[in-house]
Amino acid sequence: KSSEMAPTPSAVSLTLGPCPENPPDLIGPLLVEFDFGRTWEHVRKEVSPLLQKGGRFKPKDCVAKQKVAIIIPFRNRHEHLKHWLYYLHPILKRQLVDYGVYVINQDGEGVFNRAKLMNAGYVEALKEYDYDCFLFSDVDLVPLNDRNLYRCFDNPRHLAIGMDKFNFDLPYKTFFGGVASLYKHQYLKINGFPNTYWGWGGEDDDIYKRIVLRGMQVSRPDLLTGRYRMIKHQRDAHNDPNPKNPDKLFQTHWTMNADGINSLKYTVKNIEKDILYTFITVDIGSPE
Ligand code: UDH
């Protein structure tokens with residue numbers, strides 16, 4: 001009798017319920033060690049299962065509430081990327097998010113521009129999927145607690161509040177560096193991020209100001225949940241502190257209207273789809 005037959009696979013997927021608010025497989029505090037004997041081969045073998053090409057994942061037994069694009073500003077940090085992928089993919093799978101990992105690689109040897117790369121990542125990720133949440137992460141930061149959820153909240157979220165290099169505490173109250181998430185509508189409300197902070201420093205404070213100037217607050221996990229380990233490194237070439245950047249922060253209230261996602265210009269040089277990530281090389285130009 002056909003009416004008693006088992007439902008077809010497509011019928012099953014139609015009846016999947018929403019993913020639980022508190023993912024059941026979370027562990028809490030994690031052991032994180034940057035073992036320099038770790039090879040790409042090992043990482044690939046460990047974390048590739050269940051991933052789709054381009055570093056994409058979807059929970060198979062429930063429907064995730066958010067579609068999260070994870071954007072990593074990048075140049076010449078492959079060693080760090082290897083560790084980041086090794087730790088983050090398993091955490092993100094346990095957190096039951098529908099996500100994709102986008103490594104936004106700055107082309108050439110010009111001055112680095114972290115915030116502009118993140119803007120380019122926002123645009124490129126949206127070309128691929130209907131993401132509603134954008135999570136921006138430095139390549140050298142790994143959370144020490146998987147209850148620090150990589151998703152979006154009622155207010156823009158700062159996740160990397162307790163880095164080991166700052167003694168697991170906020171270095172200052174308005175700090176917004178390292179890892180942060182914004183819903184698409186929150187990101188658009190602040191006109192995205194500034195494109196004009198070349199070299200090191202200031203862009204994260206500019207983003208914080210944009211959020212407050214648009215009437216939002218910053219959401220954070222508690223200090224124990226928000227612990228991070230940073231991979232120790234020397235300052236990169238072409239990313240020296242730019243003495244012009246701090247002064248720009250006095251102007252954010254008016255520069256933010258014309259400097260952001262509405263003024264972003266860059267060109268895509270290459271897109272590589274690995275199983276672990278989507279690697280997008282962009283030419284973002286140089287300071288005016
Ligand atoms: N980034 C790159 N390549 C670069 C520069 C920056 O990938 O050449 C990205 C990467 O995601 C990095 C992020 O931008 O995590 C932030 O840059 P950063 O790590 O240089 O900034 P941070 O404040 O360190 O973490 C500043 C230099 C500290 C030197 C300390 C020497 N003891």
Side-chain angles (χ1 to χ4, degrees), residues 32 34 55 69-89 100-122 124-125 134-144 150 158-172 174-181 192-208 226-246 249 266 269-270 272 274 276-287:
V32 173
F34 303 117
I70 299 183
I71 315 281
I72 302 179
F74 184 90
R75 185 168 65 190
N76 199 22
R77 294 272 198 102
H78 292 87
E79 180 69 17
H80 294 186
L81 182 61
K82 182 179 72 188
H83 294 294
W84 190 95
L85 294 164
Y86 176 78
Y87 284 110
L88 266 298
H89 273 304
V101 173
Y102 297 86
V103 180
I104 312 301
N105 177 41
Q106 182 170 338
D107 190 37
E109 294 292 308
V111 186
F112 196 71
N113 188 327
R114 177 176 178 266
K116 190 169 182 181
L117 288 169
M118 299 196 292
N119 278 338
Y122 167 89
E124 291 305 311
F134 295 82
L135 189 138
F136 303 89
S137 175
D138 283 358
V139 73
D140 53 9
L141 284 169
V142 172
L144 285 169
Y150 275 46
H158 179 227
L159 291 90
I161 63 171
M163 298 182 193
D164 52 358
K165 71 165 170 177
F166 298 130
N167 287 317
F168 300 109
D169 204 351
L170 272 178
Y172 52 96
T174 61
F175 182 55
F176 201 68
V179 186
S181 69
F193 301 156
N195 300 304
T196 52
Y197 284 76
W198 298 91
W200 187 89
E203 84 294 342
D204 48 353
D205 297 320
D206 188 285
I207 296 166
Y208 186 93
R227 287 186 167 220
Y228 273 80
R229 205 166 283 298
M230 200 191 82
I231 306 174
K232 289 198 180 63
H233 62 90
Q234 297 301 314
R235 190 172 290 286
D236 303 272
H238 316 292
N239 194 27
D240 286 323
N242 184 343
K244 288 187 188 148
N245 288 356
L249 289 166
Y266 67 94
K269 291 289 203 174
N270 191 43
E272 179 205 338
D274 190 282
L276 302 177
Y277 52 78
T278 298
F279 195 86
I280 307 182
T281 300
V282 289
D283 180 351
I284 58 169
S286 50

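For this chain, numbers begin at 1 and follow the sequence in order. All values below were derived from every heavy atom in this structure, side-chain atoms included, with hydrogens, water molecules and symmetry-related copies excluded. Just so you know, ligand 1 is whichever comes first in the structure, and atom 1 is the first atom listed for that ligand.
Here CD of E124 is found 5.0 Å from CD1 of I280. Values are rounded to the nearest 0.5 Å. Put simply, CD1 on I161 and CZ on F168 are 12.0 Å apart, with the number rounded to the nearest 0.5 Å. Atom CD1 of I70 and atom OG of S181 lie 10.0 Å apart (nearest 0.5 Å).
The shortest separation from a heavy atom of H80 to ligand 1 is not under 4.0 Å, leaving the residue out of contact. Within the structure, the closest approach of D140 to ligand 1 falls below 4.0 Å when heavy atoms are considered. Within the structure, ligand 1 lacks N76 among the residues with a heavy atom less than 4.0 angstrom away. At least one heavy atom of H233 sits under 4.0 Å from some atom of ligand 1.
Side chains of Y172 and D205: a donor-acceptor N/O pair is present below 3.5 angstrom, by distance only. Side chain to side chain, N195 and N113 fail the donor-acceptor criterion of an N or O pair below 3.5 Å.
Atom 2 (C) of ligand 1 has its closest protein heavy atom at R75 N, 3.4 Å. Nearest non-hydrogen protein atom to atom 29 (C) of ligand 1 is R235 N, 3.6 Å. When only non-hydrogen protein atoms are considered, atom 21 (O) of ligand 1 lies nearest to W200 NE1, 3.4 Å. Remark: minimum distance from atom 5 (C) of ligand 1 to any protein heavy atom is reached at D236 OD2, 3.3 Å. The nearest heavy-atom contact from the protein to atom 25 (O) of ligand 1 is K165 NZ, 3.5 Å. The closest protein non-hydrogen atom to atom 16 (C) of ligand 1 is D138 OD2, 3.5 Å. At the shortest separation from atom 6 (C) of ligand 1 among protein heavy atoms lies F112 CE2, 3.2 Å. P73 O, 3.4 Å is the protein heavy atom nearest to atom 9 (C) of ligand 1.
Every N/O-N/O distance between R114 and ligand 1 stays at or above 3.5 Å.
Within the 4.0 Å heavy-atom criterion, the part of R77 lying near ligand 1 is the side chain and not the backbone. Neither the backbone nor the side chain of E109 comes within 4.0 Å of ligand 1, counting heavy atoms alone. Residue V139 touches ligand 1 through backbone and side chain together, judged by heavy-atom distances below 4.0 Å.
Listed for the D138 side chain is no donor-acceptor partner under 3.5 Å among the backbone atoms of D140. With hydrogens and angles ignored, the 3.5 Å screen pairs no side-chain donor or acceptor of D164 with any backbone N or O of R229. Remark: side-chain polar atoms of N167 are not paired, donor with acceptor, to backbone N or O of D169 under 3.5 angstrom. The backbone N or O of Y277 sits nowhere less than 3.5 Å from a side-chain atom of E272 that would complete a donor-acceptor pair.
H83 and F34 have their aromatic ring centers within a separation under 6.0 angstrom.
The ligand atoms of ligand 1 that sit less than 4.0 angstrom from a heavy atom of N239 are 5 (C), 6 (C), 20 (O).
Relative orientation of the F74 and F279 rings is perpendicular, given thresholds of 30° and 60° on the angle between their planes.
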